[in-house]
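This report concerns only the one structure given below.
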Amino acid sequence: MAQTTLFSKADIDKRVAEMGAEITRDLAGNDLIALCVLKGAMFFCSDLMRNIGFDVALDFIQVSSYGNQKTSSGVVTILKEPQLDMRDRSVLIVEDIIDSGLSMNEVFRYIKLDKGAREVRTATFLDKPTARRVPFKADYVGFSIDPKFVIGYGLDYAEKYRNIPEIQVLSGE
Ligand code: IMP
Ligand code: MG
């Protein structure tokens with residue numbers, strides 16, 4: 001399979017620093033929890049948090065993934081629940097990429113309604129806005145991209161390629 005660079009490590013570092021600065025300006029003074037959506041957002045969340053200029057708590061959630069497929073089954077289930085009490089807290093959901101919108105819709109609903117968060121914001125490193133099956137607009141978006149399958153910087157294909165330090169397009173399948 002061919003792999004071509006879409007965003008270099010330098011592109012990523014620059015954009016994540018900008019996002020961190022924006023979040024610092026917008027959300028300073030909030031008792032914020034960054035909620036990392038496993039596994040893909042681990043790298044982005046780690047970098048983003050270190051670019052936020054105030055104290056941020058950290059928790060994790062995992063939802064059902066594509067398995068080894070490149071398209072969503074359409075059913076989203078919570079595989080790992082967060083540990084922190086989110087009631088009346090401010091939560092920033094941190095995702096690697098939004099595609100159909102199904103995962104973020106479910107995580108947002110779960111944190112807001114089931115966990116009772118006061119305020120829920122969303123940050124995604126990548127967005128494929130034309131691929132939505134349900135509407136979803138993130139508050140902070142690193143890059144909007146065409147609906148191609150991408151890997152690296154936490155993003156996998158069948159659990160491979162997560163540790164590539166840049167974003168590449170996977171093609172020739
Ligand atoms: P959604 O529920 O369709 O929005 O899918 C979101 C999830 O699917 C992301 O959190 C990723 O784990 C995965 N995903 C979507 N597009 C890609 C891609 O291009 N590469 C790798 N994973 C992807
Ligand atoms: Mg994901």
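Just follow the structure's listing: the first ligand is 1, and inside any ligand the first atom is 1.
Under the 3.5 Å distance criterion, the side-chain polar atoms of S64 are matched with a main-chain donor or acceptor of T77. Under the 3.5 Å distance criterion, the side-chain polar atoms of N30 are left unmatched by any main-chain donor or acceptor of L32. A donor-acceptor pair under 3.5 Å is absent between the side-chain atoms of R121 and the main chain of I93, judged by distance alone.
Those atoms of ligand 1 with a heavy atom of K128 less than 4.0 angstrom away are 16 (N), 17 (C), 18 (C), 19 (O). If you number the atoms of ligand 1 from 1 as listed, the ones under 4.0 Å from a heavy atom of S100 come out as 1 (P), 2 (O), 3 (O), 4 (O). Atoms of ligand 1 found under 4.0 Å from any heavy atom of L155 (numbered from 1 in listed order, with element): 21 (C), 22 (N). Taking a cut-off of under 4.0 Å to the non-hydrogen atoms of F149, the atoms of ligand 1 that pass are 17 (C), 18 (C), 19 (O), 20 (N), 21 (C), 22 (N). Which parts of ligand 1 touch E95 is read off a 4.0 Å heavy-atom cut-off, strictly below it: atoms 10 (O). The atoms of ligand 1 that sit less than 4.0 Å from any heavy atom of S103 are 1 (P), 2 (O), 5 (O), 6 (C).
With a 4.0 Å heavy-atom cut-off, ligand 1 is reached by no atom of V76.
Residue V150 has at least one nitrogen or oxygen atom sitting less than 3.5 Å from a nitrogen or oxygen atom of ligand 1, judged on distance alone. Considering backbone and side-chain N/O atoms, G101 comes within less than 3.5 Å of an N/O atom of ligand 1.
Checking S8 against D11 by side-chain atom types alone, a donor-acceptor pair falls below 3.5 Å. There is a side-chain donor-acceptor pair under 3.5 Å between D47 and Y153. Between the side chains of Q168 and T5, no donor-acceptor pair is found at a separation under 3.5 Å.
Interatomic distance, CD of E119 versus CD1 of I111, reported as 14.0 Å (0.5 Å rounding).
The aromatic rings of F7 and F143 sit parallel, their planes meeting at an angle under 30°, below the 60° perpendicular limit.
Using 4.0 Å as the threshold, K148 has a heavy atom nearer than that to some atom of ligand 1. Within the 4.0 Å heavy-atom cutoff, L126 does not count among the residues contacting ligand 1.
By heavy-atom distance, the residue among D99, I167, I97, D156 lying nearest atom 14 (N) of ligand 1 is I97.
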